[in-house]
Amino acid sequence: MKKIIFSLLVALSSVSAVQAADANAGKEKSVTCSACHGPTGVSASPMFPNLAGQNDAYIIKQLKDFKSGARTDAMMAPMAANLSEADMADLAAHFSGLPSANEQAAASASTGSSTDAAPVSAPAAGNVEIVASTPASAIYAGNVAAGKDKALACAACHGADGNSLVPMYPSLAGQSANYIAKQLADFKSGDRNDPVMAGMVAALSKEDMNDLAAFFAVQSKNAGTGESNEVGHKLYIGGDADKGVTACIACHGVAGKGMKQAGFPSITGQSKDYLKKQLASFRDGSRGNDNNGIMRNIAIKLSDADIEAVAQYITSLK
Ligand code: HEC
Ligand code: HEC
Ligand code: HEC
């Protein structure tokens with residue numbers, strides 16, 4: 001009997017030695033994944049699968065397939081491209097060890113609604129405000145007509161219809177409402193620093209922010225008029241595997257329109273000056289309001305020449 005237990009233990013320890021997967025390391029590596037798959041592996045958007053409680057061997061196989069191209073997905077390909085086998089094993093150990101979506105829902109139900117704790121599947125820090133099955137009226141939580149009146153104060157810089165004529169000032173037209181509302185809240189809290197905008201938002205209530213966001217979100221944005229750039233195009237659609245830069249297309253989309261549900265902004269129709277300034281600010285950390293450092297982690301790997309090229313390319317997106 002002792003002998004059996006002993007050999008079982010040896011077998012078990014050698015299994016874990018072979019896998020050598022580290023769930024804690026996986027947790028750290030999963031920061032980039034959480035924007036889409038949720039911080040607890042439960043996605044808040046119907047477009048992204050849950051990973052919590054999934055079998056680890058299955059997760060590893062999918063990641064390998066995304067990397068090799070055996071399974072194709074425009075979002076997952078660049079995510080998997082930079083993962084080593086050890087990364088995949090660590091990530092799989094992390095996600096497979098998390099309670100499943102049902103278990104997480106049951107746990108939050110049984111802790112009762114009297115606590116003010118956020119539901120387990122709430123996006124981290126409320127930054128990536130994923131709207132899931134929320135009806136359109138709730139996505140545009142604000143009132144467009146009220147927003148129009150309030151937007152008079154913004155017109156001098158952002159344009160009456162949200163299309164800015166001055167390169168320093170970003171266009172807001174057609175931007176996702178949740179992204180605009182988040183930026184306004186971040187300027188107010190100081191998570192995003194800009195002396196001009198800090199003054200503009202100081203007196204805005206949450207309702208004002210939602211109304212303004214709703215108004216600008218339904219304006220149509222002018223198409224980009226810049227010239228394309230070959231190096232920038234390559235970086236945008238393919239990333240840079242050597243430097244570990246995720247392709248911009250994964251989150252900002254083929255046409256730069258972003259992904260409203262995931263909180264990824266539209267970046268079309270912006271001036272090259274504005275784009276360069278934002279990328280440089282993410283790179284040096286002076287803009288640090290991106291959830292989980294999602295943009296800082298990318299920008300830190302970009303050279304000045306990369307920023308110049310990719311910003312030029314983005315101005316050509318229609
Ligand atoms: C930009 C959004 C996005 C990010 C970031 C992202 N994923 Fe995904 N992931 C997706 C989408 C979309 C799918 C579904 C692909 C499909 O439809 O085939 C997916 C599918 C998967 C699957 C397959 C699940 C299944 O049930 O078949 C795994 C595993 C996975 N992702 C792991 C990861 C890991 C690990 C990371 C971080 C390194 C990550 N993903 C980052 C969007 C994303
Ligand atoms: C005096 C000029 C000025 C006025 C007026 C102004 N803004 Fe801005 N706004 C700016 C500048 C400059 C930035 C870019 C800050 C940076 O570089 O990070 C900006 C950025 C923004 C952003 C972030 C855009 C993005 O793509 O991330 C939002 C949202 C915004 N402003 C909304 C508003 C709203 C709403 C009003 C009116 C209540 C307003 N602004 C009034 C100058 C102005
Ligand atoms: C994994 C997803 C992801 C990838 C990949 C990604 N971004 Fe972003 N990007 C974001 C998010 C999220 C934000 C908004 C952060 C915030 O909440 O302020 C953002 C913001 C930006 C902004 C600022 C927009 C504005 O209006 O101020 C620019 C410019 C930008 N990204 C360019 C790029 C470029 C260029 C690449 C490729 C080199 C890239 N991004 C890759 C997710 C991503």
Side-chain angles (χ1 to χ4, degrees), residues 26 29-37 43 45 47-51 54 58-63 65-66 71-76 78-80 82-83 87-88 91-92 94-95 127-128 147 150-158 162 164 166 168-172 175 179-184 186-187 191-197 199-201 204 208-209 212-213 215-216 232 235-236 239-240 245-252 256 258-259 262-267 270 274-279 281-282 286-292 294-295 297-299 301-302 306-307 310-311 313-314:
K29 294 172 184 172
S30 74
V31 166
T32 13
C33 324
S34 63
C36 297
H37 295 289
S43 158
S45 158
M47 285 176 61
F48 308 127
N50 296 334
L51 301 177
Q54 183 56 274
Y58 176 79
I59 295 180
I60 293 174
K61 176 170 186 304
Q62 301 316 307
L63 292 173
D65 287 352
F66 284 126
R71 179 170 174 185
T72 53
D73 180 70
M75 275 176 244
M76 278 307 299
M79 296 298 154
N82 300 318
L83 300 177
D87 293 337
M88 294 181 187
L91 285 161
H94 165 62
F95 283 115
N127 277 353
V128 176
K150 295 173 182 172
L152 289 174
C154 326
C157 301
H158 295 290
S164 158
V166 185
M168 256 173 83
Y169 305 131
S171 288
L172 305 176
Q175 184 59 275
Y179 174 79
I180 297 178
K182 173 180 179 289
Q183 301 308 309
L184 294 173
D186 289 351
F187 284 125
D191 284 346
R192 181 172 172 183
N193 286 307
D194 182 71
V196 176
M197 279 306 300
M200 296 306 308
V201 296
L204 297 182
D208 295 334
M209 294 181 188
L212 287 159
F215 168 71
F216 285 114
L235 186 60
Y236 190 89
D240 186 331
V245 178
T246 307
C248 321
I249 200 173
C251 300
H252 295 290
M259 290 170 53
F264 302 153
S266 164
I267 50 177
Q270 300 296 12
Y274 177 75
L275 294 167
K276 282 173 66 175
K277 177 174 177 224
Q278 299 313 311
L279 290 169
S281 308
F282 283 127
S286 54
R287 179 169 172 185
N289 67 326
D290 51 330
N291 189 29
N292 291 330
I294 198 165
M295 272 308 299
N297 286 332
I298 291 169
K301 298 168 190 148
L302 299 176
D306 292 334
I307 290 182
V310 80
Y313 172 70
I314 295 167

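Ligands are counted one by one from 1 in listed order, and the atoms in each one are counted from 1 as well. Sequence positions, counted from 1, serve as the residue numbers for this chain.
In this structure, G239 has no heavy atom closer than 4.0 Å to ligand 3. Contact annotation: L235 has no heavy atom less than 4.0 Å from any atom of ligand 3. Look at A156 and you'll find every heavy atom at least 4.0 Å from all atoms of ligand 2.
Among the atoms of N193, none of the N or O lies under 3.5 angstrom from an N or O of ligand 2. Between N291 and ligand 3, a contact under 3.5 Å exists for no N or O pair. Below 3.5 Å of separation, one finds an N or O of R287 facing an N or O of ligand 3. Considering backbone and side-chain N/O of N289, one or more are found under 3.5 Å from N/O of ligand 3. The distance criterion of under 3.5 Å between nitrogen or oxygen atoms is met by K182 with respect to ligand 3. When only interatomic distances are considered, the shortest N/O to N/O separation between Q175 and ligand 3 does not fall below 3.5 Å.
For C248, heavy-atom contacts with ligand 3 shorter than 4.0 Å involve the backbone as well as the side chain. Proximity of R192 to ligand 2, defined as any heavy-atom pair under 4.0 Å, is confined to the side chain (atoms from C-beta onward). At a heavy-atom cutoff of 4.0 Å, ligand 3 is contacted by the backbone of A247 but not by its side chain. Proximity of Y236 to ligand 3, defined as any heavy-atom pair under 4.0 Å, is not found for any part of the residue.
For ligand 1, the atoms sitting less than 4.0 Å from at least one non-hydrogen atom of L63 are 32 (C), 35 (C), numbered in the order shown with element in parentheses. Atoms of ligand 2 found under 4.0 Å from any heavy atom of Y179 (numbered from 1 in listed order, with element): 25 (C), 26 (O), 27 (O). Close approach to V310 involves these atoms of ligand 3, each under 4.0 Å from a residue heavy atom: 35 (C). Atoms of ligand 2 lying under 4.0 Å from any heavy atom of I180, numbered from 1 in the order shown and given with element: 29 (C). Ligand 2 places these atoms under 4.0 Å from at least one heavy atom of K277: 16 (C), 17 (O), 18 (O). Interface of Q278 with ligand 2, defined as ligand atoms under 4.0 Å from a residue heavy atom, comprises 16 (C), 17 (O), 18 (O). Interface atoms of ligand 2 facing L184, defined by a heavy-atom separation under 4.0 Å, are 32 (C), 35 (C).
Among K29, K61, R71, Q54, the residue whose heavy atom lies closest to atom 23 (C) of ligand 1 is R71. When F215, F216, Y274 are ranked by how near their heavy atoms come to atom 25 (C) of ligand 2, first place goes to Y274. Among M259, H252, K301, the residue whose heavy atom sits closest to atom 42 (C) of ligand 3 is H252.
Of all protein atoms, those that are N, O or S and lie under 2.8 Å from atom 8 (Fe) of ligand 2 total 2.
Just one residue in the list L302, I298, I307, N289 forms a side chain to side chain contact (heavy atoms under 4.5 Å, CB included) with F282, and that residue is N289.
Side-chain contact between I180 and L212: absent, with no pair of heavy atoms (C-beta onward) separated by less than 4.5 Å. Side chains of S164 and Y274 form no contact here, defined as non-hydrogen atoms less than 4.5 Å apart. The shortest distance between side-chain heavy atoms of L184 and M197 falls below 4.5 Å.
Near atom 8 (Fe) of ligand 1, less than 2.8 Å away, sit the protein N, O or S atoms H37 NE2, M76 SD.
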